Undergrad: 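One structure is given below, represented as structure tokens, and several questions about it will come after.
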Amino acid sequence: MMKMDNQRMKTYTWEEYFMMMLFLSTSGTMYYFYYFSPGVAYMVFFLFVLLRFIYYKNRMKYVGSYPIVFAVIVFLNITIFNTDTIDRNGIGTILAAIASYFFFLSFDFYRFRALYLKVLSIITACSIIVYFLSEVGWIHFQTIIIGGRSEMMWYIFHLGWNYPFHRMASLWHEPGACMIFLNIAFLLYLSDIRQHTLHKSDAIRLGIIALGILCTQSTTGYIAFVLILVYCFLRRKDFFSCKGIVLLALLVLFFAIIYNSDVIQSKFAQDEEGVTSKGIRLRDNLACLQMAIEHPFTGCGFGTKTFARYSNMLDNATSSNGILRTAACVGIYFIPLYLLFAFYSIRRWNKSFIQSLVILVIFTILESNEAYMELPISYIFLARYRNMI
């Protein structure tokens, strides 16, 4: 049976490949999501997954799952509690939530996981090559205008804003967004890594993705990756053996190199009061948290005048923390609701309590790095899959 299942995981239809690329592309890519606008991307994603769901006569179930609950919360928020909208951000969020519900319900969890790893590893391998070639000057970017801003692109690969990143952003708007997708691949396979049951092909693909994480040079990406490595090591049965000691030494060396790297040290040394990544994120977090606390049950709304006014007053420049931003939109109650749904959903495919908790903590760290809560990728540990009880 296991052999047959493994063989089944290796064969996919063109529709499944297209759905996966559409899923990844709708989750904040520069060449598609921002180029054609979020509204268009959400609508295409919604229509495709819905029509495919209907065509194959799939049965609707799990209507009490997070995507549907969240869509209802947003709908009530923009129609009853916060109606002073100045854009359609709330409608887009609802579309993405419902589309994600149908998307994940179309997949067996393990089939989705295998396809996600396969497609993402190919994208990452190509991105690493493009990144290194751009760094040595063998390829030249082209500047295009996306959303009124100049972007440095090489075909579908994003290389910088008004200046080169000198870090790997792959298809997404910045390296800090790219690392979310890469670390998620490790979280999906955490149980297999821990139990040493990875297939050789999966191990190679995760190795490519690990190199990709290093190329992003993202502080949060490094922290999440180190936490994954530390967990896998501490849960080893041969912790005190010679092999365990060697692995511990390598892990400590790796951690020391990462910690003393220019990326980490420069981020720690940034002025919290200035216009720096550290300073902006700190003020964003404090502002969104205050907005959520002051409006505990209704929030400030999605794309409303109220949200804009409070953001301006509290110096919330980018709403960079996805979880706190959503809490600022709907109320502080969203945070425990989100964590409960996430843990409950993870436990459906991971029977280890400790491991599920580790996945939740690292996923929360990743989601706190970008305002990505409304994107399809953010439902990966929150939605219900077709084969989940």
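All values below were derived from every heavy atom in this structure, side-chain atoms included, with hydrogens, water molecules and symmetry-related copies excluded. Because the structure is predicted, anything quoted here is derived from the model rather than measured.
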Undergrad: Quickly, which of Y231, F181, F225 forms a ring-ring contact (aromatic ring centres under 6.0 Å, His included) with F186? Name it, please.
TA: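 It is F225; the other options fail the test.
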
Undergrad: Who are the ring-ring contact (aromatic ring centres under 6.0 Å, His included) partners of F45, not counting sequence neighbours?
TA: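 With sequence neighbours excluded, F45 shows a ring-ring contact (aromatic ring centres under 6.0 Å, His included) to F103, given in chain and number order.
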
Undergrad: Which heavy atom of C300 sits nearest to which heavy atom of Y310, and what is that distance?
TA: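 Nearest pair, atom of C300 first, then Y310: SG-CD1, 4.2 Å.
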
Undergrad: Under a 3.5 Å cutoff, is there a donor and acceptor pairing between the side chains of Y55 and E15?
TA: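 Judged by distance alone, the side chains do not pair up.
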
Undergrad: Pick from Y66, F334, F381, F363: which one makes a ring-ring contact (aromatic ring centres under 6.0 Å, His included) with F341?
TA: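 Of all the options given, the one that passes is Y66.
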
Undergrad: Under the 3.5 angstrom rule, does the side chain of T26 hit a backbone N or O of L22 as a donor-acceptor pair?
TA: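 Yes, T26 side chain to L22 backbone: donor-acceptor pair under 3.5 Å.
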
Undergrad: Do other residues, nucleotides or ligands put more than 12 heavy atoms under 6.0 Å from Y35 OH?
TA: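 12 or below, so no.
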
Undergrad: With F33, which of W172, Y42, Y372 fulfils ring-ring contact (aromatic ring centres under 6.0 Å, His included)?
TA: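 Answer to the ring-ring contact (aromatic ring centres under 6.0 Å, His included) test with F33 among W172, Y42, Y372: Y42.
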
Undergrad: Scan side-chain atoms only and decide if D284 and S320 contain a donor-acceptor pair under the 3.5 Å cut-off.
TA: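 Side chains of D284 and S320: pair found under 3.5 Å.
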
Undergrad: Is a salt bridge present between R309 and D84, judged by a nitrogen-to-oxygen distance below 4.0 Å?
TA: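 No salt bridge links R309 with D84.
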
Undergrad: Output yes when R167 and E135 qualify as a salt bridge under the 4.0 Å nitrogen-oxygen rule, no when they do not.
TA: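 Judged by the 4.0 Å cut-off on N to carboxylate O distance, R167 and E135 do not form a salt bridge.
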
Undergrad: Quick one: does L159's side chain get under 4.5 Å of Y131's, heavy atoms only?
TA: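 Not in contact.
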
Undergrad: Closer than 3.5 angstrom, by distance alone: can the side chain of R113 be matched with the main-chain N or O of L188 as a donor-acceptor pair?
TA: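 At least one qualifying donor-acceptor pair exists.
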
Undergrad: When you check the side-chain N and O atoms of S25 and Y31, is any donor under 3.5 Å from an acceptor?
TA: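 A pair is found: one side chain offers a donor N or O, the other an acceptor, under 3.5 Å apart.
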
Undergrad: Could you check if a side-chain atom of L198 sits within less than 4.5 angstrom of a side-chain atom of L206, using non-hydrogen atoms only?
TA: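 Yes. Closest side-chain heavy atoms under 4.5 Å.
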
Undergrad: Taking atom CZ of R52 as the centre, report whether more than 12 heavy atoms of other residues, nucleotides or ligands fall under 6.0 Å from it.
TA: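 Yes, CZ of R52 has more than 12 neighbouring heavy atoms, counting only those of other groups under 6.0 Å.
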
Undergrad: Indicate, with yes or no, if I180 and F104 share a hydrophobic cluster defined by side-chain heavy-atom contacts under 4.5 Å among Ile, Leu, Val, Met, Phe, Trp and Tyr.
TA: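 As far as the 4.5 Å side-chain criterion goes, I180 and F104 are connected within one cluster.
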
Undergrad: Clusters formed by hydrophobic residues whose side-chain heavy atoms approach within less than 4.5 Å: which one holds Y163, and what are its other members?
TA: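 Members besides Y163, by chain and number: W161, F165.
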
Undergrad: Ignoring hydrogens and angles, state whether a donor on the side chain of N350 or S191 is under 3.5 Å from an acceptor on the partner side chain.
TA: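 Absent: no donor and acceptor within the cut-off.
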
Undergrad: Do other residues, nucleotides or ligands put more than 12 heavy atoms under 6.0 Å from the CE atom of M21?
TA: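 Yes, because the 6.0 Å sphere around CE of M21 holds more than 12 heavy atoms from other groups.
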
Undergrad: Main chain of I377, side chain of S27: is a donor-acceptor contact present, judged purely on distance under 3.5 Å?
TA: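 Checked: pair present.
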
